[in-house]
Amino acid sequence: MEKKIDKSYMTQIQKYPLLSADQEADLSKKIQTGDKNALSRLINSNLRLVVSCAHKFSATRLSMMDLIQEGNIGLMVAAQKFQSSFKTRFSTYAYPWIIQYMLRYANTRVSFIALPHRKDDMLRQIQNATQYLFQQTGHDPSYKQIADFLGITEEKLIDYMSYAYQISSLDTETSDEENSSTIVDFMADSTYCPEQIFLKKEEKEDIRNLMENLPSNEKNVLWYRYNFDGSTHTKTLREISKIVGVSPEAVRQTEIRAIKHMRLAVTKERKMQLA
């Protein structure tokens, strides 16, 4: 994996001196008249800016020199568009152009699923070999032809190809028809389960029936404490105490008694069912 910048390239670009703001403004005026030498000077004097931008992608698996090459394209575009009337330094204007081209390159090269470098490299070799053999023969090559071309066994080739994948949008249509379905239409909806909805409804109904047999003070405390009133805000002991007219501690004790009574009722009911 290439993570270093070629030393000879760095030595070469460091030969170009940095420019002052006045020099950049003067060069931009000449560039607008079609002066190629002025364009080259402005670009060459800012090649180190591209290298600096490339370091921001150092944590990725991308080639630094490939990033720099793409960034240089953005630098050239910026140099052609830059004007002294912008009242800013060229580096400030060029920076977003450089990053834009690097990001565009990164988005087409970075895998959604990270693979070990050797497997990723071999998959690229397999793809290149397949394209080459197709151009030579005019038809899709067999596994054996690809394996022989790469100097590996057919079993090894199949093993490497098992790591290949393709990203598709869930909105991709499954046919060219006007009313075609998309991939997402064929995916199971795990968010809807009739059984769970029914059991949840039954559970709520059982709890309501148990609460009906509680003393009114215990019923009222549970009603507000567990949002049976439909409120989305879970009331505190202090808030409930103001509603029912007792102290927060009395509310807490009432809640404990109410839950205890409901548990005893459930236990009693289960014993009767087993009898």
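- A 4.5 Å side-chain heavy-atom check between Val266 and Arg263 finds every atom pair outside the cut-off.
- With contacts defined as side-chain heavy-atom distances shorter than 4.5 Å, the pair His261/Asn213 does not qualify.
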Residue pair Glu255, Leu237: steps toward the side-chain contact (heavy atoms from CB on, under 4.5 Å) verdict: CA-CA 10 Å; Glu255 178 186 357; Leu237 295 177; 4.0 Å; yes
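- Here the straight-line distance linking atom CD of Glu24 with atom OG of Ser28 works out to 8.5 Å at 0.5 Å rounding.
- Follow the hydrophobic side-chain contacts under 4.5 Å out from Val221 and you never reach Ile256; the two are in separate clusters.
- For CD of Gln69, the number of neighbouring non-hydrogen atoms (other residues, nucleotides, ligands) closer than 6.0 Å is 12 at most.
- Between atom CG of residue Leu157 and atom CD of residue Gln125 there is a gap of 11.5 Å, rounded to the nearest 0.5 Å.
- Panel note: side chain Asp159, backbone Glu155; no donor-acceptor pair is recorded below 3.5 Å.
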Test log, rule side-chain contact (heavy atoms from CB on, under 4.5 Å), inputs Gln14 and Val51: CA-CA 11 Å; Gln14 286 173 355; Val51 174; over 6 Å; no
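- Across all their heavy atoms, Lys30 and Ala38 have their closest contact at CB-CB, 3.7 Å.
- For the atom pair CD1 of Ile31 and CG of Asp26, the computed distance is 10.0 Å after rounding to the nearest 0.5 Å.
- Of all heavy-atom pairs between Leu49 and Ala94, the closest is CD2-CB, 4.3 Å.
- Taking the side chain as every heavy atom from C-beta outward, Asp140 and Phe134 approach each other to under 4.5 Å.
- Heavy-atom contacts from other residues, nucleotides or ligands closer than 6.0 Å to CZ of Phe86 number more than 12.
- Across all non-hydrogen atoms, the minimal contact from Ser84 to Ala25 is CB-CB, 3.7 Å.
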Stepwise side-chain contact (heavy atoms from CB on, under 4.5 Å) test for Leu103 and Phe57: CA-CA 9 Å; Leu103 285 173; Phe57 296 82; 3.7 Å; yes
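- What you find for Met262 and Leu210 is that their closest heavy atoms are CE-CB, 3.9 Å.
- Under the 4.5 Å side-chain criterion, counting only non-hydrogen atoms from C-beta, Tyr101 is in contact with Val77.
- Using a 4.5 Å heavy-atom threshold, the side chains of Leu47 and Ile68 count as separate.
- At a threshold of 4.5 Å between side-chain heavy atoms, the hydrophobic network of Ile, Leu, Val, Met, Phe, Trp and Tyr places Leu67 and Tyr9 in one connected group.
- There is a side-chain donor-acceptor pair under 3.5 Å between Gln253 and Glu249.
- Across all non-hydrogen atoms, the minimal contact from Ala258 to Glu218 is CA-OE1, 3.5 Å.
- Residues Lys81 and Trp97 meet the side-chain proximity criterion, which asks for heavy atoms closer than 4.5 Å.
- A 4.5 Å side-chain heavy-atom check between Trp223 and Arg208 finds at least one atom pair inside the cut-off.
- Closest approach of Ile126 and Leu150 over heavy atoms only: CG1-CD1, 3.7 Å.
- Below 30°, between 30° and 60°, or above 60°: for Tyr93 and Phe90 the angle between ring planes is between 30° and 60°, a tilted geometry.
- Atom-to-atom distance recorded for Ser241:OG and Lys235:NZ is 12.5 Å, nearest 0.5 angstrom.
- When the options Asn46, Ile43, Val50 are evaluated for a side-chain contact (heavy atoms from CB on, under 4.5 Å) with Asn72, the one that passes is Val50.
- In this structure, CD1 in Ile98 is found 10.5 Å from CE in Met76, a value given to the nearest 0.5 Å.
- Without hydrogens or angle criteria, Glu154 side chain to Ile146 main chain gives no donor-acceptor distance under 3.5 Å.
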Chi angles and distances behind the side-chain contact (heavy atoms from CB on, under 4.5 Å) call for Leu27, Asp35: CA-CA 9 Å; Leu27 288 174; Asp35 191 328; over 6 Å; no
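- Counting non-hydrogen atoms of neighbouring residues, nucleotides and ligands closer than 6.0 angstrom, the OH atom of Tyr143 reaches no more than 12 such neighbours.
- Proximity of Arg41 to Leu19: side-chain heavy atoms (C-beta onward) are separated by under 4.5 Å at one or more points.
- In this structure, Arg104 does not pair ionically with Glu70, as no charged nitrogen and carboxylate oxygen lie closer than 4.0 Å.
- Atom CG of residue Asn44 and atom CD of residue Gln12 lie 8.5 Å apart, to the nearest 0.5 angstrom.
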